[in-house]
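Report on one structure; see the data block that follows.
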Protein chains: 2
Amino acid sequence: MIDLLLKINPEGEEFMARRKDHTHDEIREQALNVLMTHLEEAPADATSLRQIARQIGYSPGTLINIFGSYDQLLLSANARTLDLLASDLQNISKEYACPLSRLKAFACSYLRFAEQYNYQWQLLFQHRLPEEESVPEWQLQRINDLFAIIEQALSELATTVPESDLQQASRTIWASVHGICSLSLDDKLFAGSQTYGESMLDSLISHYVSDWRAQYNEPSQAIKG
Amino acid sequence: MIDLLLKINPEGEEFMARRKDHTHDEIREQALNVLMTHLEEAPADATSLRQIARQIGYSPGTLINIFGSYDQLLLSANARTLDLLASDLQNISKEYACPLSRLKAFACSYLRFAEQYNYQWQLLFQHRLPEEESVPEWQLQRINDLFAIIEQALSELATTVPESDLQQASRTIWASVHGICSLSLDDKLFAGSQTYGESMLDSLISHYVSDWRAQYNEPSQAIKG
DNA sequence: TTTATTTTTGAACACCGTTCACAATAAATA
DNA sequence: TATTTATTGTGAACGGTGTTCAAAAATAAA
């Protein structure tokens, strides 16, 4: 049998199909590193499964074996991005005792992250899952952790607020902040870099929170409303 | 001449390369109609230049000749969508004398549009231009017209406001509304359709505007930062 | 009718994600 | 150790993509 093979493939020629000394986890790691590095200076559309495979010295099929599909490779990159973002926001938030400052710092960090990791951020939010495939568990968990930061700050600003109100307010703020960042990035034409987005974030949080807390902290006056 | 054709193309067989009785404008129209119809029930990724060409009975090259590229065909569809959205919002806004109600109706219409024309809306905002190709003129114009509606409402709520403040506030509101709609669409899992998004929009506008106008209408008190 | 011009084409190109029989390797067995 | 079995990675193939372009077809001009 070996003779037969040797006859068919007589020499040198660099045989492929050689099993490399990498575990699946190592290949995962390599592929994700290559992708994340790519995203540091070009959008996701500018690479491909084949390119990534070529760069780590494996065939496209191998990556499909490991990740299931190219979509899921992209999704794994999103997991990394979200982890980065979450730890960023959590660290920043820890540094602020004042809940209002904390909220603003949270929003600004979000914007800064979106600017710095532009293409990762784009992929994270623009990437649509095929069909009605549900958002993965870990992603919901990370997102909930981020909501918790906002909820915590809000609850410090206004005591005795029903949980459901806290949820709605924190979601409203998060979605608004997200929208401002999203629009701010597309709009590089108009505004001079981040100062514009930052002032919008400040405006949003100042005005929204100010009136929102008044609703709970000064129920007797009832001026606003 | 007719005889010649009949001889060359003796029957059925449907020869191609026959110059059809359509002007370029008509072909544009047909292609866009096919695309927009497709977007009524499937995302943009689910079709292609070739599919659209096939459906209108022309070759892919013809569409490239007319539109320049597939990207620009998609962009033309976005023009249509934006026109639809703009006229929708303008009509709705006309019906409300009260500026606050007008703002809320504006936001709700925006959300309803995003829900009804889901895939068109997705394409409109998720589609990234290649390179740093600038947003086309007409698109900026349409968007400015929409800002004008918000600015107008805000100026009715608070007189003697500097133009720059009006601009910032209207942009902040629009970006926030956009973010809420954007997130609300992705979140079909969580919420029971539109009621959730609507209440977030209401919360956003109520609180933000309430505090924002207080800044200008009650300058003597100076309670708010 | 012949010539020149415009329009549309279809084949070709270089890609893409995904599948799969089988070659190359490692592990288990005799 | 030699042989069988199981796993892992491959490369060719499939059907798709957007885009280019020589030439065919249809029209307009001479």
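Quick note on labels: first sequence line is chain A, next is B, and so on, each numbered from 1.
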## Note on the structure
Looking only at C/dT18, D/dT17, C/dT9, the nucleotide nearest the B/Thr62 side chain is C/dT9

### Task
Mind checking A/Ser59 for me? I need base, sugar-phosphate or nothing, with any heavy atom below 4.0 Å counting as a touch.
base

### Message
If you compare every side-chain N and O of A/His24 against the phosphate oxygens of D/dG9 (OP1, OP2), does one of them come in below 4.0 Å?
### Response
yes

### Message
Does this structure show an ion pair linking B/Lys104 with B/Glu198, if we count only N-O contacts that are shorter than 4.0 Å?
### Response
no

### Message
Measuring from the side chain of A/Asn65 (C-beta onward, heavy atoms only), which nucleotide among C/dT18, D/dG18, D/dG9 has the closest atom?
### Response
D/dG9

### Message
Tell me whether the side-chain N or O atoms of B/Arg50 pair up with the base of D/dG18 as donor and acceptor below 3.5 Å, since no angle test is needed here.
### Response
yes

### Query
For DNA chain C, whose closest nucleotide is more 5', that of A/Pro60 or that of B/Ile27?
B/Ile27

#### Entry: Atom-to-atom span, CG of B/Asp25 to P of C/dT7 - whole angstrom
13 Å

### Query
What's the OH-P distance between A/Tyr70 and C/dT19, to the nearest Å?
16 Å

### Summary
Of the listed D/dT19, C/dT9, D/dT17, the closest approach to the B/Leu49 side chain comes from D/dT19

### Query
Closest to the B/Tyr58 side chain: D/dG18, C/dT9, C/dG17?
C/dT9

### Task
Quickly work out the A/Glu26 CD to D/dG9 P distance and round it to whole Å.
11 Å

### Task
Starting at atom NE2 of A/His127, determine the distance to atom P of C/dG17, rounded to an integer number of angstrom.
12 Å

### Task
Please state how far atom CD1 in B/Ile64 lies from atom P in D/dC21, giving the value in whole angstrom units.
12 Å

### Query
Below 6.0 angstrom between ring centroids: does that apply to B/His38 and B/Tyr119?
no

### Query
Is the number of heavy atoms from other residues, nucleotides or ligands under 6.0 Å of B/Glu41 CD greater than 12?
no

### Task
Examine distances only and state if a side-chain atom of B/Thr47 and a backbone atom of B/Ala44 form a donor-acceptor pair shorter than 3.5 Å.
no

### With A/Ser101 via side-chain contact (heavy atoms from CB on, under 4.5 Å) - residues at least two apart
A/Tyr96, A/Cys98

### Query
Starting at CD1 of A/Ile66 and ending at C1' of C/dG17, how long is that distance when rounded to a whole Å?
16 Å

### Task
Quickly work out the A/Asp45 CG to D/dT17 P distance and round it to whole Å.
17 Å

### Message
Whole angstroms only, please: what is the CZ-C1' distance between A/Arg54 and D/dG9?
### Response
17 Å

